[in-house]
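Scroll down for the structure; my scribbles are underneath it.
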Amino acid sequence: TLMIRDWWMCMIISVMFEFLEYSLEHQLPNFSECWWDHWIMDVILCNGLGIYCGMKTLSWLSLKTYKWQGLWNIPTYKGKMKRIVFQFTPYSWVKFEWKPASSLRRWLAVCGIIFVFLLAELNTFYLKFVLWMPPEHYLVLLRLVFFVNVGGVAMREIYDFMDDPKFHKKLGQQAWLVAAITATEFLIVVKYDPYTLTLSLPFYITQCWILGIILVLTWTAWRFFIR
């Protein structure tokens, strides 16, 4: 939420990942969960509460006033400690307004962002499975912390490139770096366990995904070409 800064996009990613778990549970056993675990524990409680707290944090950051006075000019120790903590907060905070249906360019960009996010989340589970890494391993947490920091900068670069293409004529380096890291992680999974990835989807799952893709393409054609 702190990276995307949009309630609807975060909820779409949350719901889409649950559908991916349904679709890929024949490849990864830990994706096989009860319905209440998918929709109540994950979507409503964990992700829903996290998105709500994230949006509240965004509201706080957008309204917070920054006082960049000298550290030694602050009279109290509490004020000094607060000033040190604020040193690591953003200099400015921009509210993201993605407006995916406003143009074909923004719609394709938002779809691309959602795709990369879902792929990065899938990489988390496939890398643990392929590399025999338990969930509590320190590398799992370090990877997530790394992605939050680098992904936040990358998302700002993508938003600036979409929102003001005249000023930002090229996509930022961090955005390309995140895309390259995500693709490299997927290639690692392909290299070390191609058998798992090549387990074919059940027929009814394939039909559902084909139907979903057709609906998205139909809406895109109607919204940006026919209408």
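- Summarising the geometry, atom CE belonging to Met55 is positioned 10.5 Å from atom CZ belonging to Arg5; distances are rounded to the nearest 0.5 Å.
- Of all the heavy atoms in Thr1 and Leu58, the pair that sits closest is O-CD1, 3.9 Å.
- The hydrophobic cluster containing Ile12 does not contain Leu211, counting ILVMFWY residues as joined when their side-chain heavy atoms lie under 4.5 angstrom apart, directly or transitively.
- Shown here are the side chain to side chain contact (heavy atoms under 4.5 Å, CB included) partners of Ala101, two or more places apart in sequence or in another chain: Trp219, Arg223.
- Sorted by first then second residue, the salt bridge (Lys or Arg N to Asp or Glu O under 4.0 Å) pairs that include residues 97-110, not counting sequence neighbours, are Glu97-Lys99, Arg106-Asp163.
- A chain of hydrophobic side-chain contacts below 4.5 Å, direct or via other Ile, Leu, Val, Met, Phe, Trp or Tyr residues, connects Val189 to Phe31.
- Remark: Asn149 engages no residue in a side chain to side chain donor-acceptor pair (under 3.5 Å) (not counting sequence neighbours).
- Enclosure of atom CZ in Phe224 by more than 12 non-hydrogen atoms of other residues, nucleotides or ligands within 6.0 angstrom is indicated.
- Here the straight-line distance linking atom CE of Met162 with atom CG of Leu108 works out to 10.0 Å at 0.5 Å rounding.
- Note that the OG atom of Ser200 and the CD1 atom of Ile205 stand 11.5 Å from one another [nearest 0.5 Å].
- Between Leu2 and Thr57, some side-chain heavy-atom pair lies under the 4.5 Å cut-off.
- Residues Met3 and Val148 share a closest heavy-atom pair of SD-O, 3.8 Å.
- Atom CD of Gln173 sits in a sparse spot, with 12 or fewer heavy atoms from other residues, nucleotides or ligands closer than 6.0 Å.
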Practice prompt. Let me see the working for Ile13 and Ile4 under side-chain contact (heavy atoms from CB on, under 4.5 Å), right down to the final yes or no.
Written response: CA-CA 11 Å; Ile13 291 175; Ile4 297 178; 3.4 Å; yes
Can you give the donor-acceptor pairs under 3.5 Å from side chains of residues 117-144 to other protein atoms, not counting sequence neighbours?
| residue | atom | partner | partner atom | Å |
| --- | --- | --- | --- | --- |
| Asn123 | ND2 | Leu119 | O | 3.3 |
| Asn123 | ND2 | Thr182 | O | 3.1 |
| Asn123 | ND2 | Glu185 | OE1 | 3.4 |
| Thr124 | OG1 | Ala120 | O | 3.2 |
| Thr124 | OG1 | Arg143 | NH1 | 2.6 |
| Tyr126 | OH | Gln27 | OE1 | 2.6 |
| His137 | ND1 | Leu139 | N | 3.1 |
| Arg143 | NE | Glu185 | OE2 | 2.8 |
| Arg143 | NH2 | Ala120 | O | 3.0 |
| Arg143 | NH2 | Glu185 | OE1 | 2.9 |

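- Connectivity analysis of hydrophobic side chains (ILVMFWY, heavy atoms under 4.5 Å, direct or indirect) links Ile214 to Ile210.
- Under the rule for a ring-ring contact (aromatic ring centres under 6.0 Å, His included), the partners of Tyr159 that lie at least two apart in sequence or sit in another chain are Phe96, Trp98.
- Annotation: side-chain hydrogen bond (donor to acceptor under 3.5 Å, both in side chains) contacts involving residues 7-24, sequence neighbours excluded, comprise Ser14-Asn47, Glu18-His38, Glu21-His38, Tyr22-Trp39, Ser23-Trp209.
- Leu217 forms part of a hydrophobic cluster together with Ile213, judged by ILVMFWY side-chain heavy-atom separations under 4.5 Å.
- The same ILVMFWY cluster, assembled from side-chain heavy atoms under 4.5 Å apart, contains both Ile113 and Phe161.
- Side-chain N or O atoms of His26 include none that pairs as donor or acceptor with a backbone N or O of Pro202 at under 3.5 Å.
- Sorted by first and then second residue, the salt bridge (Lys or Arg N to Asp or Glu O under 4.0 Å) pairs with a member in residues 186-197 form an empty list; sequence neighbours excluded.
- With Met41 as reference, Asp37 is the one residue of Val43, Asp37, Ile44 to meet the side chain to side chain contact (heavy atoms under 4.5 Å, CB included) rule.
- Separating the CG atom in Leu24 from the OG1 atom in Thr196 is a distance of 11.0 Å, to the nearest 0.5 Å.
- Hydrophobic clustering (side-chain heavy atoms under 4.5 Å, transitive across Ile, Leu, Val, Met, Phe, Trp, Tyr) keeps Ile188 apart from Phe147.
- Between atom CG of residue Asp42 and atom CZ of residue Phe17 there is a gap of 8.5 Å, rounded to the nearest 0.5 Å.
- Between the SG atom of Cys10 and the CD1 atom of Ile114 there is a distance of 9.5 Å, given to the nearest 0.5 Å.
- Shown here are the side chain to side chain donor-acceptor pair (under 3.5 Å) partners of Thr220, two or more places apart in sequence or in another chain: Trp107.
- Following chains of ILVMFWY side-chain contacts shorter than 4.5 Å, one cannot reach Leu215 starting from Val110, and the two form parts of different hydrophobic clusters.
- Legend: residues meeting side chain to side chain contact (heavy atoms under 4.5 Å, CB included) with Ala154, ordered by chain and number and at least two apart, are Gln174, Ala175, Val178.
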